[in-house]
Asks: 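Here it is: the structure, laid out below.
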Amino acid sequence: MKTNRENLPHVVILGGGFAGLYAARHLYKAPVRITLVDRHNHHLFQPLLYQVATATLSPSEIAAPLRGLLGPHGVGVLLADVQGVDTAGKRVLLADGELTYDFLVIATGATHSYFGNDQWAKFAPGLKSIEDAVEIRRRVLMAFELAERETDPEIRRSLLNFVIIGGGPTGVELAGSLAEISRNSLPGDFKNIDPREARIILIEGVKNVLPVYPEDLSLKARRALEKLGVEVRTGARVTNIDETGVFIGEEHIPARTVVWAAGVAASPVARTLGVELDRAGRVLVAPELTVPGHEDIFVVGDLASVKGDDGKPVPGLAPAAMQMGKQAAANIRRRLEGKPMQPFKYWDRGSYAVIGRGHAVGIAFRRFKQSGFPAWAAWLLIHITFLIGFRSRLAVLLNWAYSYLTFAKSARIITGPTPRLDQVEQGRALPAGSASAVDVAARVHATRPEAPPPVTH
Ligand SMILES: Cc1cc2nc3c(=O)[nH]c(=O)nc-3n(C[C@H](O)[C@H](O)[C@H](O)COP(=O)(O)OP(=O)(O)OC[C@H]3O[C@@H](n4cnc5c(N)ncnc54)[C@H](O)[C@@H]3O)c2cc1C
């Protein structure tokens, strides 16, 4: 039954990612009117984006429409681009309008950083949105298609070279998954090329991949990647990227498909608050997750800079974002009840990076190192418990298990324009595609092709 909520305090939530969605879910029953604003119409399960990018899962398997998730609970959903916040006027500035609020929860996350080299974005897309994943998948599959027709061995070689820049969890997961599809899924599909000959090159600037993990886990991850056939280059700094490939100083690695998985920058919405930010542009929030000097504004998820009990910054991970969203909602409810707000406490269940089917490395509860199948099983369990509103968890699990274990072919659809072979031979960059409605299944549609995108972990 619809209730008249017009006179209730208005809570505006910016962003329908993990943090924003959890804030909304924990405010459903409070005496407030809630409006959630997002530039996309869907909530996205980012931890599995790399599987869309490598044609293992379809976009609709990892995204769910926000209206469907929130509408039945009386939450208003607005599809709009947030430009900034006018804190004095208590207004959210949209690209095409504005909204007033009594309480504001900002959860617009992070975006890619090319460290001042934004011109690289065209040649090396990042992975943050469905559009990014579909574009990377298109480039990967198209490279195999073009290599099949190419007669010049050098050009064919550069088409079959895949470079991933950034050896954090996203880069490692992408490299492992690319190696698996080229070794296991694609052979047999082509006549003139052997996809197993594809070179997957992972470049990391510091001495180890997964540098946030203890050294022994990083080394295990490296060995597992190499076993899959990934060439791991550590201590190598990329100095340029163009349509011909990647440069590490004087060295040139010819490659037509390059993916950027290094560097994160906070959502630009933070800058409009006029408050202190950390080096990554995140808002330095109070322990209660409010913006200092603005007790009606909460910042949560990847956009918030806050320390855990151990004094270390809370990592940019999905569980942390969910827990912050929940805490912001609890504090709004306490404010309405005239009770003091409570500080945020991060409960670290663990963080994992998947290297291949049945193989991962990670740390559970801050101290238990895991690798191999047990780590992969723990990763799966944690991710399934994250799942929000995706039909049923069991159905999704079965679906994923099927696609994952059978190397399903259904996700290997190419969308966007077909490049001409002569243009490729002239060394021109492959034309960018678009996330077409054919592919981004009917329930989920992309609304804004994101500019150079982000990588968070
Ligand atoms: C490829 C990848 C893999 C990852 N893997 C893992 C993993 O395995 N495990 C893990 O725990 N974490 C993982 N993460 C990190 C995790 O996804 C993030 O920590 C989490 O999504 C942060 O949640 P958030 O709500 O703060 O931001 P997001 O989930 O990024 O949500 C931000 C929302 O705000 C919207 N938005 C942004 N700007 C605007 C604007 N101006 N106007 C309107 N709407 C806007 C976006 O559309 C989006 O819906 C991964 C991230 C990526 C990119």
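First listed ligand is number 1; within each ligand, the first listed atom is number 1.
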Asks: Quick one: salt bridge (Lys or Arg N to Asp or Glu O under 4.0 Å) pairs with a partner in residues 312-336, sequence neighbours left out?
Replies: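 Residue pairs with at least one partner in residues 312-336: there are none.
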Asks: Side chains of Asn208 and Ser218: donor-acceptor distance under 3.5 Å anywhere?
Replies: no
Asks: Using a 3.5 Å cut-off on N or O atoms only, is Leu49 in polar contact with ligand 1?
Replies: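 No, since none of the N or O atoms of Leu49 sits under 3.5 Å from an N or O of ligand 1.
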Asks: Purely on distance, is any nitrogen or oxygen of Gly316 under 3.5 Å from one on ligand 1?
Replies: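 Yes, since at least one N or O of Gly316 sits under 3.5 Å from an N or O of ligand 1.
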Asks: Is Phe144 close to Phe162 at the side-chain level, that is, under 4.5 Å between some pair of heavy atoms?
Replies: yes
Asks: Which ligand 1 atoms are under 4.0 Å away from a heavy-atom of Ala80?
Replies: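 Listed by number with element, the hits are 42 (N), 43 (C).
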Asks: List every atom of ligand 1 that sits less than 4.0 Å from any heavy atom of Asp81, numbering the atoms from 1 in the order shown and giving each element.
Replies: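 Under 4.0 Å from Asp81, ligand 1 has these atoms: 41 (N), 42 (N).
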Asks: For a side chain to side chain contact (heavy atoms under 4.5 Å, CB included) check, start with the C-alpha distance between Ile106 and Leu273, then their side-chain angles and the critical distance, and finish with the verdict.
Replies: CA-CA 10 Å; Ile106 309 180; Leu273 294 170; 3.8 Å; yes
Asks: If you take the nearest heavy atom of each of Leu317, Asp38, Ile106, which one is closest to atom 35 (C) of ligand 1?
Replies: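 Result: the heavy atom closest to atom 35 (C) of ligand 1 is in Asp38.
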Asks: Suppose I only count heavy atoms of Ala321 and a 4.0 Å limit; which atoms of ligand 1 are within that range?
Replies: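 So the atoms of ligand 1 that pass are 22 (C), 23 (O).
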Asks: Short N/O distance, under 3.5 Å, between Trp379 and ligand 1?
Replies: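 No - when backbone and side-chain N and O of Trp379 are compared with those of ligand 1, no distance drops under 3.5 Å.
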Asks: I'd like to know if the side chain of Asp86 reaches the main chain of Gly89, judged simply by a donor and an acceptor atom lying under 3.5 Å from each other, with no hydrogens or angles considered.
Replies: yes
Asks: Enumerate the atoms of ligand 1 whose separation from the nearest heavy atom of Lys128 is less than 4.0 angstrom.
Replies: 30 (O), 53 (C)
Asks: Please list, in number order, the atoms of ligand 1 under 4.0 Å from a heavy atom of Gly301.
Replies: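 This gives 26 (O) as the contact atoms.
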Asks: Atoms of ligand 1 less than 4.0 Å from Thr170 heavy atoms?
Replies: 1 (C), 2 (C), 3 (C)
Asks: If I apply the N/O under 3.5 Å rule, does His42 come out as touching ligand 1?
Replies: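 No - when backbone and side-chain N and O of His42 are compared with those of ligand 1, no distance drops under 3.5 Å.
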Asks: Does either side chain, that of Thr35 or that of His10, offer a donor lying less than 3.5 Å from an acceptor on the other one?
Replies: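 Short answer, yes.
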Asks: Hey, is ligand 1 close enough to Ser267 that some N/O pair sits below 3.5 Å?
Replies: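 Such a contact does not occur with ligand 1.
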Asks: With atoms numbered from 1 as shown, which atoms in ligand 1 lie under 4.0 angstrom from a non-hydrogen atom of Pro319?
Replies: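 Once the distances to Pro319 are compared, the set is 11 (O).
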Asks: Output yes when the distance from some N or O of ligand 1 to some N or O of Gln46 is under 3.5 Å, and no in every other case.
Replies: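 By distance alone, the answer is yes.
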Asks: Taking Leu14 as the fixed residue, which of Val105, Leu104, Val300 is the one that meets the side chain to side chain contact (heavy atoms under 4.5 Å, CB included) rule?
Replies: Leu104
Asks: Taking distance alone, with no angle check, do Ala19 and ligand 1 share an N/O pair under 3.5 Å?
Replies: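 Yes; at least one N/O pair falls below 3.5 Å.
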Asks: If the threshold is 4.0 Å, N to carboxylate O, is there a salt bridge linking Arg223 and Glu226?
Replies: no
Asks: I want to know if ligand 1 touches Ala110 in the polar sense, i.e. an N/O pair below 3.5 angstrom.
Replies: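 No, there is no polar N/O contact under 3.5 Å.
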Asks: Backbone or side chain, does any N or O of Leu303 fall under 3.5 Å from an N or O of ligand 1?
Replies: no
Asks: Pull out every atom of ligand 1 sitting under 4.0 Å from any heavy atom of Ala107, numbered as shown with elements.
Replies: 32 (C), 33 (C), 34 (O)
Asks: Verify the neighbour count for atom CD of Glu276: are there more than 12 heavy atoms of other residues, nucleotides or ligands below 6.0 Å?
Replies: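 Result for CD/Glu276: open.
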Asks: Please determine, by modelled atom types, if Glu288 and Thr290 share a side-chain donor-acceptor pair under 3.5 angstrom.
Replies: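 Absent: no donor and acceptor within the cut-off.
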Asks: Is the backbone of Ala124 close enough, under 3.5 Å, to the side chain of Tyr114 for a donor and an acceptor to pair up by distance?
Replies: yes
